[in-house]
2 protein chains.
Amino acid sequence: MAKQDPDLSLLFHALSDPTRRAMLERLAQGPAAVTELAGPSGLRLPTILRHLSVLEAAGLVTSAKDGRVRSCALNPAALDPVRGWLDDQRAQWEALFDRLDDYVTRLMKERMP
Amino acid sequence: MAKQDPDLSLLFHALSDPTRRAMLERLAQGPAAVTELAGPSGLRLPTILRHLSVLEAAGLVTSAKDGRVRSCALNPAALDPVRGWLDDQRAQWEALFDRLDDYVTRLMKERMP
DNA sequence: GTCTTGCTTAGCCATATTGCTAACTATCAC
DNA sequence: GTGATAGTTAGCAATATGGCTAAGCAAGAC
């Protein structure tokens with residue numbers, strides 16, 4: 001058990017901050033400039049820029065500069081590993097609970113034949 | 001855009017650490033004691049205990065002490081908010097790309113009638 | 001050119017996170 | 001009771017995170 005899946009760590013960490021989730025939700029409405037992304041957050045631009053760099057490092061967002069405006073957009077494929085991990089976990093968890101269920105059922109039969 | 005969804009922040013933060021994900025994966029095989037949970041990680045018990053408390057704070061794991069052994073188990077419902085958020089995001093992202101697609105299609109038609 | 005706008009960089013501060021060791025408590029085996 | 005086992009608590013150190021201000025730079029407006 002160790003430091004595998006750095007991607008997942010980056011992704012989950014990027015998603016763990018409400019400001020960053022709000023930025024993603026804003027971008028789900030369409031591309032936006034940095035100032036627009038800061039929007040109603042009340043945070044300063046440098047702060048937003050750091051959050052943006054976290055989102056970019058995780059691959060969730062891409063941005064490009066057009067003139068003096070940086071336009072930011074979602075990278076829709078980026079959440080795939082997250083979904084994959086969640087699906088795997090759920091599958092394993094369900095298998096576990098099925099096993100526990102079987103176990104309990106067997107116990108019941110043994111005790112109440 | 002603000003500090004809503006403290007649950008989501010706790011959950012994503014709990015999932016952002018590979019050690020904690022490994023602990024969850026171990027628990028997906030069945031309940032385990034703390035020492036067992038530390039297992040091959042090479043980390044000391046106090047460290048594991050802190051990770052455990054993060055997982056419990058996020059609601060992902062429950063534990064109870066039986067004699068001198070603390071037994072830990074998954075809480076399968078805990079990931080639901082995460083799945084919910086991901087599903088919402090995906091739906092919005094798809095809607096966005098459909099809109100962009102329509103837009104491009106319309107542009108093409110206007111230019112190449 | 002000059003000014004404004006939009007972003008960027010550098011650097012500071014407070015707090016949180018992640019690891020550790022050392023010392024303690026509580027149970028179980030004998 | 002004695003001793004081993006399983007957690008637990010307290011506290012330390014290094015680093016990461018999230019916010020800020022101040023100062024800089026580049027593009028567009030005039």
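Every chain is numbered from 1 and lettered A, B, ... according to where its sequence line falls, protein lines coming before strand lines. Note that the structure is predicted; figures quoted are calculated from it, not measured.
- Remark on DNA chain D: of its neighbouring residues A/G67 and A/T47, the 5'-side contact belongs to A/T47, judged by nearest-heavy-atom nucleotide.
- Between B/D88 and A/E25, the closest side-chain pair of non-hydrogen atoms is not below 4.5 Å.
- Looking at B/L79 and A/R90, their side chains never come closer than 4.5 Å, going by heavy atoms from C-beta outward.
- Remark: P of C/dT18 and CG of B/D17 are 5 Å apart, rounded to the nearest angstrom.
- For the pair A/V61/A/M23, no side-chain contact is recorded, criterion being any heavy-atom separation below 4.5 Å from C-beta on.
- Counting 5' to 3', DNA chain D first comes under 4.0 angstrom of a heavy atom of chain B and last does so at the ends given by D/dA4 to D/dT9.
- Proximity of a side-chain donor or acceptor of B/N75 to a complementary backbone N or O of B/T62 within less than 3.5 Å is not detected.
- Remark: P of C/dT9 and CG of A/L49 are 7 Å apart, rounded to the nearest angstrom.
- As a whole-Å value, the separation of A/I48 CD1 from C/dG6 C1' is 14 Å.
- Here the P atom of nucleotide C/dT8 and the CG atom of A/D66 are 12 Å apart, to the nearest Å.
- Between C/dT21 and B/R44, a contact under 4.0 Å exists linking OP1 or OP2 to a side-chain N or O.
- Residue A/R50 has its side chain nearest to C/dG11 when only C/dT18, C/dG19, C/dG11 are considered.
- The minimum heavy-atom distance linking A/R20 with A/H13 is given by the pair NH2-O, 3.0 Å.
- Distance CZ (A/R68) to P (C/dG6): 6 Å, rounded to an integer number of Å.
- The closest side-chain heavy-atom distance from A/R21 to B/S9 is below 4.5 Å.
- What separates CE of B/M23 from P of C/dT18 is a distance of 12 Å, to the nearest Å.
- Comparing B/H13 and B/P46 by the nucleotide of DNA chain C whose heavy atom lies nearest to each, the residue mapping closer to the 5' end is B/H13.
- Between A/L45 and B/S71, the one whose closest nucleotide on DNA chain D sits nearer the 5' end is B/S71.
- Listed by chain and residue number, B/F12 satisfy the ring pair (Phe, Tyr, Trp, His ring centres under 6.0 Å) test with B/W85 (two or more places apart in sequence, or in another chain).
- Computed from coordinates, the B/L52 CG to C/dT18 P distance equals 14 Å when rounded to whole Å.
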